[in-house]
**Q** 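One structure follows; several queries about it will come next.
The chains referred to below are lettered A, B, ... by the order of the sequence lines, with proteins before strands, and numbering in each begins at 1.
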Number of protein chains: 2
Amino acid sequence: MTVQQIKYFLELANELHFWKTAEKVFVSQSTLSRQIRSLEDEMGIQLFERDKRNVKLTDAGKFLKEHWSTTIKELDQIHRQAKKIDEGMSGFVSISYPGSITFRFLPKFLETLNSNLPDLKVELTEPTDENHEKLLSDYRTDIAFSRDEISNASIDSLKLFSEPICLVVPNNHWLNKKSLKDFNELQDEKFIISGLHQKTFFASLLRNFFNKHGFEPKTIIESDFGGMILNLVSKEIGISILPLSFKSAKVPDVRFIELDEEIDLYINWRKNEPNKTIKKVIEYVKLV
Amino acid sequence: MTVQQIKYFLELANELHFWKTAEKVFVSQSTLSRQIRSLEDEMGIQLFERDKRNVKLTDAGKFLKEHWSTTIKELDQIHRQAKKIDEGMSGFVSISYPGSITFRFLPKFLETLNSNLPDLKVELTEPTDENHEKLLSDYRTDIAFSRDEISNASIDSLKLFSEPICLVVPNNHWLNKKSLKDFNELQDEKFIISGLHQKTFFASLLRNFFNKHGFEPKTIIESDFGGMILNLVSKEIGISILPLSFKSAKVPDVRFIELDEEIDLYINWRKNEPNKTIKKVIEYVKLV
DNA sequence: CATGATTAATGCGTTTTATGCATTAGTTGA
DNA sequence: TCAACTAATGCATAAAACGCATTAATCATG
């Protein structure tokens, strides 16, 4: 049994047509036919019911389609990770991060990393709705920066720093730290913030913050993208609340007013990570 | 890449000696050498560091040893289950059960099953320390009878029946239902029961029961095996507490005195089980 | 109902890969 | 330095993979 045969099977299970599948996997129809037959013989299990016209999965075939799909995905991830280990400092590492560190922490860290490990490639992803635990356990990322702390027995976490969250206002806005006595003074302001119904950590933090101050913002634009938000604020379309890190984006005509709330940044990685390159990258993170 | 190559790799990873491994997997040393080299070339990963004398796993090799071990075990389980589905009513089903149903429910059920599905083989296991969830999710069992209810999102459970737990005493023992006013009357009795420190459900039930009656038994023999316990009681070595099902064992010179506590029996199976034979067996269980 | 279109299975020749015997080449230990 | 041990390789043979051409079975259509 070869991994290739399993992949032929999975493709045929989707397509249920030998000719079409053969084209898709770049072999002749007769080769595909024989490979599937060979697989059935070796396992002693009939995978498809078929005649000259119809191809159908058997019950066992349906079962294997489901489970082999998972297994092949896992194998691909394992092999990719093994390749990463083999390549070491000349390979690559996957890092996921929240948008809010785009302008300060992350560039500094990547600069440090590049100086010390110039041959190491970095794959950056800014996940939108996957959770970090799954990204790490599936080897889709090797290091996950997050704003919330992850409590999971198979993941190690470390808090890197805290920073204030800020009101973000246009330069000539009437508001400054000294003049803000009560949040209800802002009830006429237009807000450009994350949708408060969302499940992200930052949305949750905003909900808690507003509840604490007994305040309900008038949201006119919902967005998660800090760069976009900063630009809209500078054009005086509305005001926002973002972590102080965004100040480093140096968008003109925008002021940051620190609030009495802080937000953290955590680094997370798989417990007992065997990959020495990832371990070294984590050490460099701690140095930033 | 073939499954066989991965198995060669895993065996060599354990043995770290080509000649010895080749013997174990029934191929020549040169075949093994070429198969491992072929695997390394195809993956573009060095798995072993070796010269003419020493064989050592690389870091990537160590990683793959760990993960491929798991993957191969899963594949074997998947294939076994697929075979089971393919064979249907002429195949086999795995059932795990607690010892306490050996003498009544289980024989009746197996009789029913054999009458209706005479070509179906049944594999019975009485697990000692594995938990049912894992046995089911790993396809090591298809149906798990348990005394405790399993709350798990991927397992369906059904309560089959309740029965009293009983004091089990020798025939000529002074004790009977009417004469037992207070459990402390038994403080001089010698008990033959499960070790109360154990993590089994029945041990837990016994602990709770004794605590409720403010009683601490004088345990002289710790055993989980009902058959053994019954024999020892009949020889007047001590008394015990067991579910009423054991009465059907018809061990002579033993009496069962029902207590005011009941114990349940549950049947558990994988949620959304695709195997029609297992589904049918579950239906027969409900008929008993 | 006959015929043509469609498609999975199979015959056959060629190419590629796997296998094991024999041998080489490198690494120790005495 | 030499012998013992063992992974890698040369080589001949067997087995498997592959694709072209064809067969055989299943419909849809006229």
Side-chain angles (χ1 to χ4, degrees), chain A residues 1-62 64-65 68 72 75 79 82 86, chain B residues 1-62 64-65 68 72 75 79 82 86:
Chain A
M1 170 181 304
T2 69
V3 170
Q4 188 63 270
Q5 282 176 325
I6 296 176
K7 288 180 172 175
Y8 287 165
F9 164 82
L10 288 172
E11 204 65 54
L12 180 59
N14 282 328
E15 204 70 41
L16 295 180
H17 194 286
F18 276 79
W19 263 102
K20 287 178 180 171
T21 303
E23 281 195 323
K24 277 196 163 187
V25 298
F26 306 104
V27 295
S28 72
Q29 176 269 323
S30 58
T31 293
L32 182 65
S33 179
R34 266 186 265 258
Q35 285 292 331
I36 295 298
R37 173 70 61 181
S38 173
L39 191 53
E40 285 177 323
D41 288 345
E42 182 179 332
M43 298 188 76
I45 298 174
Q46 190 176 352
L47 303 174
F48 297 95
E49 286 167 33
R50 54 202 189 270
D51 54 30
K52 288 298 195 285
R53 276 284 189 146
N54 300 296
V55 180
K56 235 170 79 167
L57 277 165
T58 60
D59 286 338
K62 283 170 190 162
L64 284 173
K65 178 185 177 184
W68 272 347
I72 289 297
L75 270 183
H79 295 171
D86 186 62
Chain B
M1 174 180 300
T2 69
V3 170
Q4 188 62 271
Q5 282 176 324
I6 295 177
K7 287 178 172 175
Y8 288 165
F9 164 82
L10 289 172
E11 204 64 56
L12 179 59
N14 282 328
E15 204 69 41
L16 296 179
H17 193 287
F18 276 77
W19 264 101
K20 287 177 181 174
T21 303
E23 280 194 326
K24 278 197 163 184
V25 299
F26 306 103
V27 296
S28 73
Q29 176 270 323
S30 60
T31 293
L32 182 64
S33 179
R34 268 187 264 259
Q35 286 293 331
I36 296 297
R37 173 71 61 181
S38 173
L39 192 53
E40 285 175 323
D41 288 345
E42 182 179 332
M43 298 187 77
I45 299 174
Q46 189 176 352
L47 304 173
F48 297 95
E49 287 167 30
R50 55 205 187 269
D51 53 30
K52 289 298 195 286
R53 277 282 188 145
N54 299 297
V55 180
K56 234 170 75 168
L57 277 164
T58 60
D59 286 337
K62 284 171 190 162
L64 285 172
K65 180 185 176 185
W68 272 347
I72 290 296
L75 270 182
H79 296 172
D86 187 62

**Q** Starting at CE of Met1(A) and ending at C1' of dA18(C), how long is that distance when rounded to a whole Å?
**A** 19 Å
**Q** Could you check how far CD of Glu23(B) sits from P of dT6(D), rounded to whole Å?
**A** 10 Å
**Q** Picking from dG10(D), dC20(D), dA25(C), which would you name as closest to the side chain of Lys52(B)?
**A** dA25(C)
**Q** Distance check, rounded to the nearest 0.5 Å: Lys20(B) atom NZ versus Gln29(B) atom CD?
**A** 14.0 Å
**Q** If the cut-off is 4.0 Å, is Arg50(A) near the phosphate of dA9(C), judged by side-chain N/O to OP1 or OP2?
**A** yes
**Q** Short question: side chain of Thr21(A), backbone of Glu15(A) - any donor-acceptor pair under 3.5 Å?
**A** no
**Q** Is the side chain of Thr58(A) donor-acceptor paired with the backbone N or O of Leu47(A) at a distance under 3.5 Å, no angle test?
**A** yes
**Q** For the pair made of CD in Glu15(B) and P in dC5(D), what is the distance, rounded to whole Å?
**A** 17 Å
**Q** Checking contacts here: which listed nucleotide (dA9(C), dT9(D), dG19(D)) is nearest the side-chain heavy atoms of Ser33(A)?
**A** dA9(C)
**Q** Heavy atoms under 4.0 Å, any strand shown: does Gln35(B) hit a base, just sugar-phosphate, or nothing?
**A** sugar-phosphate
**Q** What's the closest nucleotide to the side chain of Asn54(A) if the choices are dC27(D), dG20(C), dA7(D)?
**A** dC27(D)
**Q** Can you tell me how far the CG atom of Leu39(A) sits from the CD1 atom of Ile45(A), to the nearest 0.5 Å?
**A** 9.0 Å
**Q** Is Arg37(B) touching bases, backbone alone, or none of the nucleic acid, heavy atoms closer than 4.0 Å?
**A** sugar-phosphate
**Q** When the distance from CG of Leu47(B) to P of dA8(D) is rounded to whole Å, what number comes out?
**A** 12 Å
**Q** Just to confirm, is there a sub-4.0 Å distance from OP1 or OP2 of dA17(D) to any side-chain nitrogen or oxygen of Thr31(A)?
**A** no
**Q** Just the rounded figure in Å: distance from C1' of dT7(C) to CG of Asp51(A).
**A** 10 Å
**Q** Map Lys20(A) and Phe26(B) onto DNA chain C by nearest heavy atom, then report which one ends up closer to the 5' terminus.
**A** Lys20(A)
**Q** Any idea which of dT7(C), dA7(D), dT27(C) is nearest the His17(A) side chain?
**A** dT7(C)
**Q** Tell me: CD1 of Ile36(A) to C1' of dC18(D), nearest whole Å?
**A** 15 Å
**Q** Using a distance-only criterion (donor-acceptor N/O pair, under 3.5 Å, no hydrogens), is the base of dT7(C) paired with the side chain of Arg53(A)?
**A** no
**Q** Report the relative orientation of the aromatic rings in Phe9(B) and Phe48(B); use parallel for angles under 30°, tilted for 30 to 60°, perpendicular for over 60°.
**A** tilted
**Q** Taking CD from Glu49(B) and P from dT27(C), how many angstroms apart are they, rounded to a whole number?
**A** 14 Å
**Q** What is the distance, to the nearest angstrom, from the CD atom on Gln4(A) to the C1' atom on dA17(D)?
**A** 12 Å
**Q** Can you work out whether Gln5(A) or Ser30(A) has the more 5'-proximal nearest nucleotide on DNA chain D?
**A** Gln5(A)
**Q** Could you tell me whether the side chain of Arg34(A) has a donor or acceptor atom within less than 3.5 Å of a complementary atom in the base of dG19(D)?
**A** yes
